[in-house]
Amino acid sequence: PDLRTLFRLFSCGYFLHEKDGTRSRDGIAESKTMQGIAIGRSRQADGMMFYSPATRKIYTSSDYKLDEGRSTPNLFNLNYDGGIFVGLYDPAIKTSVEPFPEGTPVLWPKILHGKSVKMRGSVTSVPVPVDSAVPDTADLETPYTIQLIDGSTFQVSPRRMDDVVDLRSPANTTFSLPSWLGSNQRVMCLHDGVYKKGFMDYDLDQQSWRFIQRRRNGDEIWSKAFPSLIQDFQLLVDEGSLIPGWHAQNSQFL
């Protein structure tokens, strides 16, 4: 691509706007420029598309100037509501249903007190999906991570997952969680109108996800169970009950 056409998405910008409908601006009492947020290049005209929070309309102009160093949220007094998540997109990667999502129960063979037993556990991390066929050499495959009830973790080849999945447990769902909701991921949970900083944790005994808040020494302070997290995580995000990452406590979270 032509590097000269690249710009910082959602930058502040100033663009020429000489008319409001059929009425012309005189440039004296009314400015002939407007402020907006750059949202992309127009496919119908040779210009930049701007969204104006003041009018809630989209404008296209070829006469503009971007101020990429200025804070867009501060300029337009915008508050992030937790509803947009940005990630890398690779068209070569075909999306598909994860066969063994996080939380899938497993039985792992172990030697305990001199006896061979199968210890309960669950999947805590899944491989990044790829579009290529599974290679013949299992060592080259990206493994699953499972955690047993004694706290030990193991890396398991995708080829072996069918052998260790606990078929006695009913299938939870065919959906999988986004990476930011995985085990030990930083999130914020809304409680009594205040966001608490903590981590996501999978309770092997209860076979369900929960939010936990810990002290620096690892002691648990507070927790909240989410027994239907896999089915309801999008609703929880949309209503602001869970937010990815840790953010400063400000008015937008109160």
Side-chain angles (χ1 to χ4, degrees), residues 1-95 128-129 131 175 177-181 185-197 232-254:
D2 188 348
L3 298 181
R4 294 173 298 178
T5 65
L6 300 181
F7 69 99
R8 183 181 175 186
L9 189 62
F10 305 135
S11 297
C12 299
Y14 309 90
F15 57 94
L16 181 65
H17 183 68
E18 297 181 303
K19 291 185 177 181
D20 289 321
T22 57
R23 184 178 63 84
S24 298
R25 295 189 175 196
D26 58 14
I28 301 176
E30 292 180 295
S31 173
K32 291 188 176 183
T33 61
M34 291 182 63
Q35 292 180 330
I37 302 172
I39 59 175
R41 297 191 180 277
S42 174
R43 295 184 179 182
Q44 286 76 34
D46 182 19
M48 183 72 71
M49 297 173 61
F50 291 89
Y51 171 74
S52 172
T55 62
R56 297 184 179 181
K57 294 181 179 180
I58 295 177
Y59 303 86
T60 300
S61 175
S62 58
D63 190 353
Y64 63 90
K65 183 176 182 180
L66 298 179
D67 188 357
E68 297 179 320
R70 193 163 188 179
S71 172
T72 303
N74 291 341
L75 178 62
F76 295 102
N77 193 27
L78 302 177
N79 290 327
Y80 174 59
D81 62 3
I84 299 178
F85 307 106
V86 179
L88 297 178
Y89 171 72
D90 187 347
I93 297 178
K94 298 179 180 179
T95 58
V128 176
D131 64 337
F175 298 99
L177 293 173
S179 59
W180 63 267
L181 272 177
Q185 293 295 320
R186 292 183 175 185
V187 296
M188 295 178 65
C189 178
L190 184 63
H191 178 66
D192 293 337
V194 177
Y195 279 94
K196 293 181 177 291
K197 296 180 179 179
D232 300 336
F233 79 87
Q234 188 61 59
L235 177 61
L236 296 170
V237 170
D238 293 342
E239 67 184 15
S241 297
L242 285 177
I243 292 179
W246 289 354
H247 310 275
Q249 296 283 349
N250 53 43
S251 58
Q252 75 183 67
F253 295 132
L254 298 180

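Using modelled atom types, no side-chain atom of Y14 and backbone atom of D67 make a donor-acceptor pair closer than 3.5 Å. Put simply, the side chain of S42 never gets that close to the backbone of T60: no donor and acceptor are under 3.5 Å apart.
Every residue two or more places apart in sequence or in another chain that forms a ring-ring contact (aromatic ring centres under 6.0 Å, His included) with Y59 is listed here: F15, H17. For E18, the side-chain contact (heavy atoms from CB on, under 4.5 Å) partners are L16, K32, not counting sequence neighbours. With sequence neighbours excluded, the residues satisfying side-chain hydrogen bond (donor to acceptor under 3.5 Å, both in side chains) with T33 are S31. For R23, the salt bridge (charged side-chain N to carboxylate O under 4.0 Å, His left out) criterion is met by D20, E30, not counting sequence neighbours. Here S241 pairs with E239 under the side-chain hydrogen bond (donor to acceptor under 3.5 Å, both in side chains) rule; sequence neighbours left out. Remark: R186 pairs with no residue by the side-chain hydrogen bond (donor to acceptor under 3.5 Å, both in side chains) rule, at least two apart or across chains. Contacts of K65 classified as side-chain contact (heavy atoms from CB on, under 4.5 Å), with partners at least two apart in sequence or in another chain: none.
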Give every donor-acceptor pair under 3.5 Å between a side-chain atom in residues 44-54 and any protein atom, sequence neighbours left out.
unit_1, atom_1, unit_2, atom_2, d
S52, OG, A54, N, 3.4
S52, OG, T55, N, 3.4
S52, OG, T55, OG1, 3.3

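Of all the heavy atoms in W246 and V187, the pair that sits closest is NE1-O, 3.2 Å. Between M188 and G245, the closest heavy-atom pair is CG-O, 3.2 Å. Closest non-hydrogen pair, I39 versus L9, comes out as O-CD1, 3.7 Å. Across every non-hydrogen atom of A38 and L66, the tightest pair is CB-CD2, 3.9 Å.
Note: I37 CD1 to C12 SG = 7.0 Å, rounded to the nearest 0.5 Å. Of the inter-residue distances, the one linking Y195 atom OH with I243 atom CD1 reads 3.5 Å to the nearest 0.5 angstrom.
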